[in-house]
Amino acid sequence: MARIGVFTCWCGENIARNVDVQSVAEQAAQLPGVRCSQTHKYMCSDPGQKLIRDTIAAERLDGVVIASCSPHMHLKTFRKAAEHADLNPYLVEMANVREQCSWVHSQRSRATAKAVDLIRVAVAKVRHNRALEPIQVPVTRKVLVVGGGVAGIQAALDIADSGVPVVLVEREPSIGGKMAGLSETFPTLDCSQCILTPRMVEVAQHPNITLHTCSEVEQVEGYVGNFRVTIRKQARYIDVDKCTGCGQCWNACPSKKTPSEFDYGLGKRTAIYTPFPQAVPARPVIDRDACLRLTKGRCGICVKKCQADAIRFDDQDELVSEDIGAIIVATGYQLYEIGKPDGQGRVTGYGEYGYGRYPDVISSLQFERLVSASGPTGGEIRRPSDGAVPKTVVFISCVGSRDNAKGLSYCSKICCMVNAKHTMLYKHKVHDGQAHVFYMDIRAGGKNYDEFVRRAIEQDGAHYHRGRVSKITQEDGRLIVRGVDTLAGEPLTIAADLVVLAAAMRPATGVEDLAQKVNVGYDEFGFLCESHPKLRPVETNAAGVFVCGACHGPKDIPESVTQASAAAAKVLLMFSRDRLYREPEIAHVQESACAGCFACRRSCPYHAIDPAEIRDRQGQLVRRVARVNPGLCMGCGTCVALCVSKSVDLEGFSEEQVYAMVESLR
Amino acid sequence: MNTAASDPANGEFEPKIVAYVCNWCTYLGADLAGTNRLEYPANVRIIRLPCTGRIDFNLIVKAFEIGADAVLVSGCHPGDCHYTSGNYHARRRWMLFRELLATLGIETERVHFTWISAAEGKKFQQLISEITSTTRDLGPYHAYREICETCEV
Amino acid sequence: MEIGYYPGCALHGSSNDYEMSVRACLAALGVRLRELDDWICCGATAAHSLNHKLAVALPARNLGLAERDGMEELLAPCPMCSMQLMKARRLLFANDALQQEISAIVELDVRGTTQVCNLIQIFQQVGYERIQQAATQQLGEFRPACYYGCLLTRPPGVVQFDDCEHPQSMESLLSELGAAPVEWNYKTECCGAGMTMANEATVLELGHRILSNAAAHGANCLVVACPMCHVNLDMKQAAINQRYSAEHDMVVYYLSDLVGLALGLAPAALGIPRHFVVRK
Amino acid sequence: MSQIISQPAIRRLVKQWLREGKRVVAPVQIRPDLVSYQPVRSADQFLLDGFIRPLNSIKEVVFPRHEQLFQYRVRGKQIDLLPAPLPDIERIVLAARPCDAAALPILDHVFNWESRDAAYNQRRKLTTVVALACMEHDAHCFCTSLGGGPDDTRGSDALLFDLGDDTLEVRCVTDKGQNLFAGQTESSTRTAPSVPGPERQADLQQVGQQLEQAFERSDWAAWTNRCLGCGACAFGCPACHCFDMVDEGGPTCGARVRNWDACQFGQFTLHASGHNPRSAQSQRQRQRIYHKFHVYPQKFGELLCTGCGNCTRNCPVSLGVLPVLEAMQAEGA
Amino acid sequence: MLQPLRETCRRLLDDGTVQVVIGYGQAMRAVEPYPVFITDPNDVGQLVWNEQCRTNLVKYLLRQEIRALGKPAIVVKGCDERALVVLEQESQIERSEIVVIGVACDGMAEARCEVCDAHQPRFADHTIGHATNKEQSAERRYAHLAEFQERPIADRMDYWKAELERCVKCYACRQSCPLCYCQRCIVEKNRPAVLDTSPTLKGNFAWHIVRAFHLAGRCVGCDQCSRVCPEGIDLRLLNQSMARASEASFGHRSGTDPQAELVLGNFSKQDQEQFIR
């Protein structure tokens, strides 16, 4: 016979106002299996918890129902309290009589009746609860960081500095990410490369960091603490160990026409190249689509020039396996491709700005390259069409952002600051030039941010127009920008020499594939989902996988770095124990009943179900059945619903518990 | 013991509604309705499950067997599943199961499927109010209750 | 397929060449037009700036007639008409009180069940692929600048069938039929129609810009789907030339003209010879 | 001299019985190829001719497929047990086949052995069986092997014979039957001709002898291995009477019920330990044959079969007892 | 047809390719053909083939008794064969461990044969005879169901009440179904008892809902369940409603494509429905 204690909370007046707590407690005492029923003003308070602990001990309770607030609020609290009284915490359930009862029903009699029902359901459930022990799994103390932008670099260095080995995977030939291509950064206007490149070099030289560039994550198996990651290293065609990075090869390469990815097409590069002079690793790579030798079978000048004998035309993609304990995803962002529909119906707009048709309509990242001393113009601001110095430049905010009609609904967060920075950089280089900015609102929240924007307007004389641009046309070699100044209340047409579009930030391509490999959710835009927006901002719902940087949402550099360090700290915290403890509310298979149809295996989002063989004493195969890997199962229970013979069940929400709950409402 | 939420005061029919909701979206949406003090009728009894993926079709039948006049199944919006894909599996299940109910002549207007996120307290409130009132209009589900009456000896 | 047809004042008046073209072209595609009996003004003229209720009541009466006659869909080739009708329909849908009031005024129960569409939408419904299959002539010699003007795609909340600033629907249709539409700058600019009577200078200036820009982008003709645009760019082209000492010689086709030609109809059957600027 | 009654007169009688609140069970045409004993709701619903044998049996009138034994209710700390009330509705089975009626005396043994089943006996008391003699038979009938026949009166209170032209001869067998038809029949000189029984036969003497030593034979698998393990044979059989008792309901209310069970189900003999003494289908088939033709006769002196052939008729793969008995006989005396 | 069938079976048994042939035998015309299990090549004369061979034999591949006889060859019609495809997709059989003898079939005088598009087996290892597969529109294939579904909802409910009132839970439907292969059927599970085992209307509704839905997206439409029901309950309607929905919503016809993804346990983000709000 069950010995269940029901503890109903007044929550001050919160519950007691609309629910007759005393009557509820009396009715709860009559429920089958209930040993005692008590109330307290604040059950979560110290005296409240003491009441629970003392009653558990005095009445030798084997199940506890707390009727108070949402289990999302205090289930952990009360389970801990039970544990202190030597009751297995998984024998505690809650009835949500506050959020889902007293706060939403004002008619006292009906709210009281419902509260009793909710307790009835919880009592019915707890009668079937089982004592569970947390699942322990060993930990491999090694971290995979995916993405070598500033966030990935920060996370990798923080972790490596603490003595934990890191594998850093970067898709491009060099780490550095978007930040390496910026000229100066807001709000201090310090040189982006000057602050980033030392960190990049540190990564390259760190004894605890293994760097894989030109590489992507191919496959992730296993579970928290015990991932096995396969990394595809694309053929680089260079023996990185032999190469000295002298540059003879790329200076001699005859294929010079490929648009430079690093300069966003504003400059050209050779087929054998390093993306930029400070690249890490400082080794070239051969573009297999541009190299004459690899495409047409002729040439080979680089081989002749290379004194280190480092060119390898027969290089092949290579798969590398690593045992990993935790994964940090820091894949960053890309800009919204202006005017190009994304094929998923999410983004359709802004063809009217002529991006891609008019060479002098460029994106803000392209503008960064135009002002960068290492850029294609050597830092002189010259427009792409004819190399002339633009005297009037229009910057347009929110191209694709904050636009439900044809763009993305969210704010890309950094563009207001980027525009302000650009007007200043422009003015500093073209003293007689005039910068115009079309904006919707200026969002400059942040330390020294608003002051920065004021400086752009007040000191550097940028003209800010609050309004949208309807279209850009090209006439007589100039760009006619037609918009509206809503503050002045009139249309505004500006003949500009250069237009810079602050396009929206979107997650990098391929992040959805990666998210599926590591079982992390993503939102409708492809940004990865954190576990809790406030309290677990770098954790994800996949145990052992963390996020940081712009793959999680639009962010500027300081925020990305902060989040990267936070992720690093979370990983190190996880590694601070010998073993990991996981919630035991997971699925398990009753193998004697399993027919081995593997519907569960097909549906499991965590690939937590494997076939297992049942053999007789002679070792003959009797049949194959499903088996749950407790390290991987997250307890969603999809397998339970799909199992036709109900041979798989879910601890914590078992068939017995659930049917008892429904049945109690008869 | 009959837990049908009938109001003794006026003897009016009070629909009994069983709701199976996922822990991460709709349950939190219902919590949010509470936090925002959005009042709705007290006819619904929520049964919390981890995910819509866990909600077996048998539970809907069971709800009618215990005398429910309407059943609500609700979870995360497509793409928002806490477990990435439980709700997609659930969607398929309901697409087929609804057909079966219809073929059997079971009133599908008594079975409600919704996506309610943790942020949609307002939607939860409106939904429960609406379901309660439409079920009130439909009246008690006599047809299924008759099925559940044991035959005479 | 049979659909309701609302000609509006222009297609029964100054722009009967447009009506000719629309009727011939749609007949060739197997679309029968059933003209709305007893139709009245759509309210596009002065009503909307003078009296809001009247601006709803006028189109609402036409909608009511269409519903009375059981039309599921009503084609209004003039974009002003179609926009007025669509707008009224939306307003009635959104506001029960207004719906009742207007129904009382027009003495018809207007529920807004009849869908309204413009010329491009009817082509979209027929299906570009089907039109392409029905076509017998390639439009290879045509490099049209597709001109949507101010109303075809606006207001975006009402019309909702193409990007309001950067529409592509005419271009895609004509490309399917072998023409080579040009990308240009003035496809959704105003032609000055509202000023035709009051301020001709503005109209001529705007027309001049449009024609110049089309020519500068390599167009050898303009395509419109609006009677007013046609009047301002075709009929007034001589006046533009005179005023700006220009030598515009830009044929202005209705969209139905080019589709009709592709379907193998004779220019005369489409009313093309009645345009002011004709192809030499 | 015989007693006759017209079909319309019978139907009027049924109407009256229904009005009196009696339950009338008779063959009903469900589909062109399916006749089944069903409670009739109107006097024109049932058949008095044109069918060979319903696919179910009349045993349900006295031994329902589902029966509540008691209900329980929990109120607070108190548990109430509410025994099911004894049946009180009078029942009349009309136009039962003699092979159905003949099973009732056989069933009486088992429901009155050691313990007397009150509900069964009550229903039996409340039931009057009016059988309808057979005019035809099909390939599955073998009643004559079991001492029955088209006009067998065992278990019947009255027996009807179809005289053609909507007229039936009534032969009352018991007082119950007499009472039922008292004053409703006319005297006549017409009597029904005797109808030959089915040709298909099983030599049950031989079977009885074989069964003395057949238990360990390895042939059982070959004789029965097409059996799929359903309960169609048992549930359509007029004599099978196994039942299962289960508790249905929840922690606050529910009932203990008994339902028909079938020995061919894999779970029939499954122990709680997981051990199943009859783990193979052939063992279950053997059990069925032994029970009907060895165990029951040893215990009660009567075979647990009336030769109606319903087991084969209902069997998805045309098995049933006769094909097994035939196979046994073919294998060898 | 019969001669080549017997010859093929004899050869397979003779050369030891298989140890048992699962086919049809018949004692007399008045009794339907029944399954026979031929292990001796000299017994192939027991095999018959005629327009009464309606039973789907595939179930026997899963029966412990028959498995014990060794590697099987099985006689299937084009319609039965679809069950083999599903069983393989669900890991219940190794196709290479079974020899499939497909027999061309011109129809078994059942209504469904008129809309059959699988007269000729497609996946058999040996095919006897030739028949032409004619494409059948979904409207034709599901005409029976469509007619039923046009009835008002209350009529449908009344219909099922009357039908299921008769169900005695003999489980002939389950035991005959080639796709019911659970080690322990859900009705036999207690703690918790998901549904009542009683043959009451309540228990019967629950059972037939479970049975039909467990076949959702799987049922191959062999109609064996309806055929064997001693109470003549038209279970086809339930199965067909699931099959039609699978086909309409997911383009899936069970057992027609060995490469196809199964309906349940998989999903597409593009799944379209109108009823979830």
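The sequence lines fix the lettering, A, B, ..., with proteins before strands; numbering per chain opens at 1.
Closest approach of E/H214 to E/I186, counting heavy atoms only: CE1-CG2, 3.8 Å.
Remark: the backbone N or O of B/P15 is paired with a side-chain donor or acceptor of B/N43 at under 3.5 angstrom. Under the 3.5 Å distance criterion, the side-chain polar atoms of B/S74 are matched with a main-chain donor or acceptor of B/T114. Judged by distance alone, with hydrogens and angles left aside, the side-chain atoms of B/E107 form no donor-acceptor pair with the main-chain N or O of B/Y144 at under 3.5 Å.
The choice from E/N266, E/V263, E/V210 that makes the most heavy-atom pairs within less than 4.5 Å of chain B is E/N266. For the options E/V194, E/I153, E/D271, E/L238, heavy-atom pairs under 4.5 Å to chain B are most numerous at E/D271. The candidate from E/Q272, E/M242, E/Q149 with the greatest count of non-hydrogen atom pairs under 4.5 Å with chain B is E/M242. Per-residue counts of heavy-atom pairs under 4.5 Å with chain B were compared for E/R151, E/H208, E/E273; the largest is that of E/E273. Each of B/H112, B/E65, B/K123, B/H77 has some count of heavy-atom pairs under 4.5 Å with chain E, and the biggest count is that of B/E65.
In this structure, chain E has heavy atoms under 4.5 Å from both the backbone and the side chain of B/I106. Contact of E/F148 with chain B is made through the side chain alone, with heavy-atom distances under 4.5 Å. Of the two parts of E/N204, neither the backbone nor the side chain holds a non-hydrogen atom closer than 4.5 Å to a non-hydrogen atom of chain B. Residue E/S268 touches chain B through both its backbone and its side chain, counting heavy-atom pairs closer than 4.5 Å. Both the backbone and the side chain of B/Y88 come within less than 4.5 Å of a heavy atom in chain E. Within the 4.5 angstrom heavy-atom criterion, no atom of E/E163 approaches chain B. Looking at E/K161, the atoms closer than 4.5 Å to chain B (heavy atoms on both sides) all sit in the side chain, from C-beta outward.
Only one option out of E/S254, E/C225, E/C177 pairs with E/L215 in a side chain to side chain contact (heavy atoms under 4.5 Å, CB included); it is E/C177. The salt bridge (charged side-chain N to carboxylate O under 4.0 Å, His left out) with E/D117 is formed by just one residue from the set E/K134, E/R253, E/R122; it is E/R253.
With salt bridges taken as basic N to acidic carboxylate O contacts below 4.0 Å, one links B/R145 and B/D69. Salt bridge annotation for E/R218-E/E90: present, with a cationic side-chain nitrogen under 4.0 angstrom from a carboxylate oxygen.
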